[in-house]
Amino acid sequence: MPTLYDQVPYRGAPFAQTHPDRLAMLAHLFGMKPAPVERCRVLELGCTDGGNLIPMAMALPGSEFVGVDLAESPINSGRKTVRDLGLTNIDLRAGDLMDVGPDWGRYDFIIAHGVYSWVPPPVRDQTLRVAKQNLAPEGVAYVSYNAHPGGHLRRMIREMMLYHVRGIEEATERITRARSLITFLVSQTREGADDYRGFLRKELEGILERDPNVLFHDELAEFWEPVFFHEFMSSAAAQGLQFLSEANYADMQDGAFGGPAGEMLESLGEDRIAREQYRDFLKCRRFRQTLLCHEAVTLDAEPSGIRIQQLYAASPAKIAAEQDGVKTIEGPHRSSMKSAHPVVIRVMERLIEAWPRALHFEELMEHVGGNHRTAQCEILLA
């Protein structure tokens, strides 16, 4: 039976945060022994046309990739791409997530990106059930979802659009009318408006920048259910899974808070679930990309800088300015740092010089100096 994804295409795309390399690196930092990325098995739930899996399969010919999606049209499109590229290590399957069972085998990495918040409760439960039953002992599962408290703000915009398209069933007309409302609201909200209208303008402009079909499958979807992090983790724990980390490690750092907020987070000690939940409160987080592993795995409470010595590092940063020995280093996504620390500067200058090549820790150490090994570990982790 055709699905809405057959009627309104949702093009797949590669998501760096789901790549086995990212997942294995974070597992390694927290004390796990993940499978070698060059020889691993990956399962993606809700893979659409394979836009995320196919680049992985091309880059990792010694690994095996399986994707499943209920919509047949995107699966058929993805299969054609696989054939055209001559790939033999990827299998895209049209099927129901509810039918994925133990007979599918074990996987080192399981990915569910853009699924959990957009399906009914039984399918949400099945997503986590698969993440448990089909995960290798040292495997990592990635699950993304809309989160509260920011989800409350996004729900407000969703409900405005749903009201504007009430009574309209045809998909293209729903998209057109929803976008017309957004365009109107943006036009009536000037730059530098009060807090509410300023927030509204920023959110709506972000929606207009996206593919209209994404709007249809996201904000206008039948199911759209944000959850608090602690609620998500309760559901995961019920399946025998525990919190590993966020796929974006920077989301777990507290340096941006400082002062009383940083002290409060520190006071929570080793209660990682509580710390993450209060981070969400402080950031008004609206979207999470959570990594899970089996509850039997022993994890370090914090990532180990010592383990960075077995990894590679790379950075697209630039030296933006220098004044009185203090260098301003700018990275992507408006990130920046200032430092006069000689080891920080030597590390960053060498990475900038080498970009886009990644340097092994030991190769970077040769440039920085062997007597700065501990400092280099701490700098790279931070």
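This one's a predicted model, so the numbers in the text were calculated from it and none came from an experiment. Throughout, residue positions are numbered sequentially from 1 according to the sequence presented.
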Worksheet item: So how far is it from E38 CD to D21 CG, rounded to the nearest 0.5 Å?
Response: 8.0 Å
Worksheet entry | Check: A94 main-chain N/O paired with E72 side-chain donor or acceptor under 3.5 Å | no
Discussion item. Please find the pair of heavy atoms, one from W224 and one from G151, that lie closest to each other, and give the distance.
Written reply: CH2-O, 3.7 Å
Fill in: Heavy-atom side-chain proximity of R174 to L162 below 4.5 angstrom
yes
Discussion item. As an exercise, state the distance from CD of Q310 to CG of L29, rounded to the nearest 0.5 Å.
Written reply: 10.0 Å
Worksheet item: Any donor and acceptor pair, going by atom type alone, linking the side chain of D300 with main-chain N or O of P303 inside 3.5 Å?
Response: no
Worksheet entry | N89 versus S63, side-chain donor and acceptor atoms under 3.5 Å | no
Worksheet item: Quick one: salt bridge (Lys or Arg N to Asp or Glu O under 4.0 Å) partners of R357, sequence neighbours excluded?
Response: E363
Worksheet item: Is L135 reachable from Y107 through a run of I, L, V, M, F, W or Y residues, each pair having side-chain heavy atoms under 4.5 Å apart?
Response: yes
Discussion item. Between the side chains of E353 and R350, is the shortest nitrogen-to-carboxylate-oxygen separation below 4.0 Å, so that they form an ion pair?
Written reply: yes
Worksheet item: If you group Ile, Leu, Val, Met, Phe, Trp and Tyr by side-chain heavy-atom gaps below 4.5 Å, do F15 and L53 land in one group?
Response: no
Worksheet item: For the residue pair Y116 and F232, does the interplanar ring angle fall in the parallel (under 30°), tilted (30 to 60°) or perpendicular (over 60°) class?
Response: perpendicular
Discussion item. Cation-pi check for Y145 against R288: NZ or CZ below 6.0 Å from the six-membered ring centre and within 45 degrees of the axis, yes or no?
Written reply: no
Discussion item. Could you check whether atom CZ of F223 has more than 12 heavy atoms from other residues, nucleotides or ligands sitting under 6.0 Å from it?
Written reply: yes
Worksheet item: Between V42, L291, L43, which is the residue that forms a side-chain contact (heavy atoms from CB on, under 4.5 Å) with F109?
Response: V42
Item to complete: Return the minimal non-hydrogen interatomic distance between L220 and A178, and the atom names on each side.
Response: CD1-CB, 3.9 Å
Discussion item. Any non-hydrogen side-chain atom of E44 less than 4.5 Å from a side-chain atom of V68?
Written reply: no
Item to complete: Check the hydrophobic clustering (I, L, V, M, F, W, Y; side-chain heavy atoms under 4.5 Å; chains of links allowed) and say if W355 and L364 are grouped together.
Response: no
Discussion item. Between R11 and P74 (side chain of the first, backbone of the second, donor and acceptor by atom type, cut-off under 3.5 Å), is there such a pair?
Written reply: no
Worksheet entry | Sequence neighbours excluded - salt bridge (Lys or Arg N to Asp or Glu O under 4.0 Å) pairs with any residue from residues 150-173 | R154-D218, R154-E219, R155-E225
Discussion item. Which label fits H148 and H152: parallel for a plane angle under 30°, tilted from 30 to 60°, or perpendicular past 60°?
Written reply: parallel
Worksheet entry | Atom pair CG (L215) and CG (L208), whose distance is rounded to the nearest 0.5 Å | 8.5 Å
Worksheet entry | Pairwise distance CD(Q239) to OG1(T127) - rounded to 0.5 angstrom | 10.0 Å
Discussion item. Strictly below 4.0 Å, N to O, side chains only: are E349 and K327 in salt-bridge contact?
Written reply: yes
Worksheet entry | Salt bridge present between K80 and D84 (N-O < 4.0 angstrom) | yes
Worksheet item: Ion pair present between E362 and R373, side-chain N to carboxylate O less than 4.0 angstrom?
Response: yes
Worksheet item: Checking side-chain hydrogen bond (donor to acceptor under 3.5 Å, both in side chains) for the pair S235/D125: CA distance, chi angles, key distance, verdict?
Response: CA-CA 8 Å; S235 297; D125 292 341; 5.3 Å; no
Worksheet, complete the sentence: Between C47 and I75 the two heavy atoms that sit nearest each other are SG-CD1, 3.6 Å
Worksheet item: Is a side-chain donor or acceptor of D108 paired with a backbone partner of A35 at a separation under 3.5 angstrom?
Response: no
Worksheet item: Within the distance-only criterion (no hydrogens, no angle test), does the side chain of H28 pair as donor or acceptor with the backbone N or O of K33 below 3.5 angstrom?
Response: no
Discussion item. Under a 3.5 Å threshold, yes or no: a donor from one side chain and an acceptor from the other, between Q17 and Q289?
Written reply: yes
Discussion item. Check R275 with E302, please: is the shortest side-chain N to carboxylate O separation under 4.0 Å?
Written reply: yes
Item to complete: Without swapping roles, check the side chain of N134 against the backbone of G101 for a donor-acceptor pair under 3.5 Å.
Response: yes
Item to complete: Flag the pair R272 / M252 as yes when at least one side-chain heavy-atom distance between them is below 4.5 Å, and no otherwise.
Response: yes
Practice prompt. Answer yes when D49 and R79 have at least one side-chain N-carboxylate O distance shorter than 4.0 Å, and no when they do not.
Written response: no
Discussion item. With heavy-atom distances below 4.5 Å as the criterion, would you say the side chains of M32 and L26 are in contact?
Written reply: no
Discussion item. Any heavy-atom pair between the side chains of Y142 and I110 that's under 4.5 Å?
Written reply: no
Worksheet, complete the sentence: Note: R177 and V165 closest approach over all heavy atoms is CB-CG1, 4.0 Å
Worksheet item: Is there a side-chain contact between L292 and L244 (heavy atoms, below 4.5 Å)?
Response: no
Worksheet entry | From CA spacing to verdict: side-chain contact (heavy atoms from CB on, under 4.5 Å), L45, V130 | CA-CA 9 Å; L45 310 175; V130 170; 4.0 Å; yes
Worksheet item: Is the side chain of D280 donor-acceptor paired with the backbone N or O of R285 at a distance under 3.5 Å, no angle test?
Response: no
Worksheet item: To the nearest 0.5 Å, how far apart are CE in M233 and CD in E231?
Response: 12.5 Å
Discussion item. So, taking the atom named CG in L380 and the one named CD in Q309, what distance separates them when rounded to the nearest 0.5 Å?
Written reply: 10.0 Å
Worksheet item: Tell me, do V326 and S339 make a side-chain contact under 4.5 Å, heavy atoms counted?
Response: no
Practice prompt. May I ask whether Y249 and I273 are part of the same hydrophobic cluster, defined by side-chain heavy atoms of I, L, V, M, F, W, Y residues being less than 4.5 angstrom apart, directly or through others?
Written response: yes
Discussion item. Pair H113, S144 - check side-chain hydrogen bond (donor to acceptor under 3.5 Å, both in side chains), show working.
Written reply: CA-CA 5 Å; H113 183 61; S144 67; 3.0 Å; yes
Worksheet item: How about S336 and K338: do any of their side-chain heavy atoms sit closer than 4.5 Å?
Response: no
Worksheet item: Does A250 offer a backbone N or O that forms a donor-acceptor pair with the side chain of N248 under 3.5 Å?
Response: no
Worksheet item: Got more than 12 heavy atoms from elsewhere within 6.0 Å of CE, M58?
Response: no
Worksheet item: If only atom types and distance count, is the side chain of R41 paired as donor or acceptor with the main-chain N or O of R106 below 3.5 Å?
Response: yes
Item to complete: Just jot down the salt bridge (Lys or Arg N to Asp or Glu O under 4.0 Å) partners of D91, sequence neighbours excluded, or say none.
Response: R93
Worksheet item: Does the side chain of T328 come under 3.5 Å of the side chain of E322 through a donor N or O and an acceptor N or O?
Response: no
Item to complete: Name the orientation class of the two ring planes belonging to F229 and F243 (parallel below 30°, tilted from 30 to 60°, perpendicular beyond 60°).
Response: perpendicular
Fill in: Greater than 12 external heavy atoms within 6.0 Å of R210's CZ
yes
Worksheet item: With no hydrogens and no angle check, is any side-chain donor or acceptor of S77 less than 3.5 Å from a backbone partner on S73?
Response: no
